[in-house]
Structure formats: structure tokens, C-alpha cells
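Scroll down for the structure; my scribbles are underneath it.
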Amino acid sequence: QVQLVESGGGLVQAGDSLRLSCTASGRGFSNYPVGWFRQAPGKGRDCVGAISWSGGTTYYVDSVKGRFTMSRDNAKNTVYLQMDSLRSEDTAVYYCAAKRTNGATCTAKYDYWGQGTQVAVSS
């Protein structure tokens, strides 16, 4: 089993930047695509984007495209989510997840999940 831990959340003002990290332990993480998801207060969990095992392919939902950037460092078993130009509507608990199937997609089943990290953006 793979264990994922998110970090880097916090309270920032609109327009600021924040970098989230997702660090994994366990076998095979470097071979797994990773997705980022978020859950705003009182709402369901939404996909933010996904990154392939190599980092060469990324997908972003329209609401974050151009503002958020994913990358990964497999030597460190870490995936990053760089968030720029943050808006109040970005406020949510952010989760990273890994899946054993190929493809940087939001719709596939993710097998391993982190505990989440809180991002709060004040207006």
C-alpha cells in the first residue's frame, strides 16, 4: 500500500501563491499517476487536475488552468501543486491521490488518498 501526506496549506490573501506538497511512502509510487482534488466547505469533492507518472502529461480543470501548476520529483516521491493568483473560491481542503492505472485523468478510480491540507483564501 502507498501512503500519501499533503502539506503546505495555510491562510493567504487573494492574489497570493501557495505550494502544496504530496509525499508518498510505499512501493511503486513513482509509477503512479497522481490527481489533486479539493473539497470546499459544505460541498462535494472536485477534481483539480492530474499528472502522469513521468510528469510529462498534465490535466487541469478550467477553473484553475493557467493559475495552478503540477510537477513531480520521483526521486523524492513528491508531487507538487503550485497555486498562483489564488481566489476566495479556491478555499478548500486539498487532497492528493494516486492510482495504479495509467493516465492523467480526473475520472478514473484513485486507489490511495492523503489526509488533506487546508487552504483558506481571504478576499
Any side-chain heavy-atom pair from [X] and [Y] closer than 4.5 angstrom?
{"X": "Arg38", "Y": "Val64", "result": "yes"}
{"X": "Tyr59", "Y": "Thr105", "result": "no"}
{"X": "Asp46", "Y": "Val61", "result": "no"}
{"X": "Tyr80", "Y": "Asp73", "result": "yes"}
{"X": "Trp36", "Y": "Val79", "result": "yes"}
{"X": "Met83", "Y": "Arg67", "result": "no"}
{"X": "Gln39", "Y": "Tyr95", "result": "yes"}

Path from Tyr94 to Val2 over hydrophobic side-chain contacts below 4.5 Å:
yes
Taking atom [atom1] of [X] and atom [atom2] of [Y], what is their separation to the nearest 0.5 Å?
{"X": "Ser85", "Y": "Phe68", "atom1": "OG", "atom2": "CZ", "answer": "9.5 Å"}
{"X": "Met70", "Y": "Cys96", "atom1": "CE", "atom2": "SG", "answer": "12.0 Å"}
{"X": "Leu81", "Y": "Ile51", "atom1": "CG", "atom2": "CD1", "answer": "9.5 Å"}
{"X": "Asn31", "Y": "Ser52", "atom1": "CG", "atom2": "OG", "answer": "11.5 Å"}

How far apart are the C-alpha atoms of Gln118 and Thr91, what are their side-chain angles, what is the distance that settles it, and do they pass the side chain to side chain contact (heavy atoms under 4.5 Å, CB included) test?
CA-CA 8 Å; Gln118 175 71 56; Thr91 295; 4.2 Å; yes
If the test is side-chain contact (heavy atoms from CB on, under 4.5 Å), which one of Thr117, Val5, Leu4 qualifies with Cys22?
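The option that passes is Leu4.
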Given Arg72, which of Thr78, Val34, Thr58 fulfils the side-chain contact (heavy atoms from CB on, under 4.5 Å) condition?
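That would be Val34.
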Do the side chain of Asn74 and the main chain of Trp53 share a donor and acceptor less than 3.5 angstrom apart?
yes
Heavy-atom donor-acceptor pair, Gln13 side chain to Ser122 backbone, under 3.5 Å
no
Would you name the heavy atoms of [X] and [Y] that are closest together and state the gap between them?
{"X": "Ala50", "Y": "Ala104", "result": "CB-C, 3.6 Å"}
{"X": "Ala14", "Y": "Ser123", "result": "CB-CA, 4.3 Å"}
{"X": "Cys47", "Y": "Gly49", "result": "SG-N, 3.6 Å"}
{"X": "Gln82", "Y": "Ser17", "result": "NE2-CB, 3.9 Å"}

Carboxylate-amine/guanidinium contact Lys65 Asp62, below 4.0 Å
yes
In terms of ring plane angle, is the pair Trp113 and Phe37 parallel, tilted or perpendicular, where the classes change at 30° and 60°?
tilted
Relative to the ring of Tyr112, is the ring of Tyr32 parallel (under 30°), tilted (30 to 60°) or perpendicular (over 60°)?
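Because their plane-to-plane angle is under 30°, the rings of Tyr32 and Tyr112 count as parallel.
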More than 12 non-hydrogen atoms from neighbouring residues, nucleotides or ligands closer than 6.0 Å to CZ on Arg45, yes or no?
yes
